[in-house]
Amino acid sequence: MVIVTREAMLERLRPYMPLLLGSVNAGWTCWEKKVAGAYKSPTARLRANAVHDAVAEKLEASIRRVPGLRFSRKYDRAWLHIGTDLVIEIHKLDDESVAMRNQTEFAELLHTQQLSNGLGAVTVLTLGYTFDEFGSKLRDVLVVYSIDGKLDFAIDLVNEVGATPEQLPARPPKTNRKERIKAKPGVKTTKKPDGGTGNES
């Protein structure tokens, strides 16, 4: 089995962290603004499926033309491939920060880190997220590595990237070029009959 360390994964994932974080935030925003309101009492299962699908769609769109990255859908799962030996799945995480997978034979391969691509062992990471106790807010966005159902390490994307898209300062509003032209000190600006401005000295 390949030895996987947090330090090595930090180095490898760092160029893609804003993309990963942005995809989860976009998926949650899609749920909040486009899906949740269509249901009187949305279930936890509906929320989990809707957020997962929205995150996957955003991630797939975001990595196009990014060298070294590939997106695929196999075994009813969405996968982000980084090179040939690293894949990232998308999942809601449980209270122990471990992916909440359905119990299947294939899931057991992921659970025990025994996935192979025919060329060698493949490391499986999870792009995961947790909600608050009411399911009304996105709480954590993590990349985690677990084995045999136990968390080995987690990378907090909000801490690593420094800010979520919602926390980034808004761009200043665009201004009309004429409005940016300031009159010289002591010069009064007057309106021209045609709606323009002129300097009155």
Side-chain angles (χ1 to χ4, degrees), residues 1-14 16-32 35-36 42-59 73-82 85-116 121-167:
M1 182 181 296
V2 178
I3 297 176
V4 180
T5 66
R6 186 177 187 277
E7 291 71 23
M9 288 299 104
L10 270 171
E11 185 71 20
R12 195 160 178 191
L13 295 177
R14 195 167 298 285
Y16 315 118
M17 287 182 183
L19 182 152
L20 296 172
L21 178 60
S23 296
V24 175
N25 275 291
W28 177 256
T29 298
C30 179
W31 159 257
E32 277 192 313
V35 182
T43 64
R45 183 181 181 84
L46 173 66
R47 179 176 59 245
N49 289 339
V51 173
H52 172 278
D53 291 348
V55 171
E57 287 179 11
K58 177 64 177 178
L59 189 58
R73 295 177 187 269
K74 263 185 177 182
Y75 310 109
D76 294 323
R77 298 171 188 274
W79 304 93
L80 174 64
H81 303 256
I82 302 178
D85 62 339
L86 180 62
V87 296
I88 299 179
E89 59 172 350
I90 303 167
H91 266 295
K92 181 178 182 294
L93 303 176
D94 63 18
D95 292 338
E96 304 299 323
S97 296
V98 174
M100 299 177 67
R101 305 185 184 106
N102 294 326
Q103 297 304 307
T104 65
E105 186 174 337
F106 182 73
E108 185 61 22
L109 294 177
L110 305 179
H111 190 70
T112 54
Q113 291 288 340
Q114 295 186 50
L115 194 64
S116 172
V122 175
T123 299
V124 180
L125 301 178
T126 301
L127 174 59
Y129 39 85
T130 63
F131 311 134
D132 66 5
E133 59 182 316
F134 304 108
S136 60
K137 292 183 182 298
L138 186 63
R139 188 173 61 187
D140 300 304
V141 183
L142 312 170
V143 174
V144 303
Y145 175 76
S146 59
I147 184 166
D148 295 332
K150 294 182 180 179
L151 177 69
D152 192 78
F153 64 78
I155 298 172
D156 189 320
L157 291 180
V158 174
N159 286 343
E160 293 297 330
V161 174
T164 64
E166 289 80 0
Q167 294 170 329

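One-based numbering along the sequence shown.
Inter-residue side-chain proximity for I155 and M17 is flagged as met; some heavy-atom pair is nearer than 4.5 Å. Inter-residue side-chain proximity for F153 and T5 is flagged as unmet; no heavy-atom pair is nearer than 4.5 Å. Within the 4.5 Å cutoff, no side-chain heavy atoms of L157 are placed close to those of V24. I147 has its side chain out of reach of V4: every pair of non-hydrogen atoms, C-beta onward, lies at least 4.5 Å apart.
Separation of atoms CG (L125) and CG (L86) is listed at 5.0 Å; rounding is to 0.5 Å. Taking SG of C30 as the reference point, atom CD of E57 lies at 7.5 Å (rounded to 0.5 Å). We find the CD-NZ distance between E32 and K137 to be 7.5 Å, quoted to the nearest 0.5 Å. Within the model, atoms CG of L142 and CG of L93 stand 6.0 Å from one another, a figure rounded to the nearest 0.5 Å. Interatomic distance, CG of L59 versus CG of L19, reported as 6.0 Å (0.5 Å rounding). Atom CE of M100 sits about 11.0 Å away from atom OG1 of T130, to the nearest 0.5 Å.
Heavy atoms only, all atoms of each residue included: Y129 and L138 are closest at CB-CD1, 3.8 Å. A26 and K58 get closest at one heavy-atom pair: CB-CG, 3.7 Å. In this structure, A56 and A78 approach most closely via the heavy-atom pair CB-CB, 3.8 Å. The minimum heavy-atom distance linking I82 with R12 is given by the pair O-NH2, 3.2 Å. The nearest pair of heavy atoms linking G149 to V98 is O-CG2, 3.7 Å. Counting all heavy atoms, side chain and backbone alike, G135 lies closest to R47 at O-CD, 3.5 Å.
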E160 vs L21, side-chain contact (heavy atoms from CB on, under 4.5 Å): CA-CA, chis, key distance, verdict: CA-CA 10 Å; E160 293 297 330; L21 178 60; over 6 Å; no
side-chain contact (heavy atoms from CB on, under 4.5 Å) between V51 and K92, intermediate numbers included: CA-CA 9 Å; V51 173; K92 181 178 182 294; over 6 Å; no
Derivation of the side-chain contact (heavy atoms from CB on, under 4.5 Å) call for W31 and L46: CA-CA 10 Å; W31 159 257; L46 173 66; 4.2 Å; yes
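Panel note: side chain W79, backbone K74; a donor-acceptor pair is recorded below 3.5 Å.
Surrounding CZ of R45 are at most 12 heavy atoms belonging to other residues, nucleotides or ligands under 6.0 Å away. Under a cut-off of 6.0 angstrom, the local environment of CG in D132 is crowded, with over 12 non-hydrogen atoms contributed by other residues, nucleotides or ligands.
A donor-acceptor pair shorter than 3.5 Å cannot be found between the side chains of H52 and R77.
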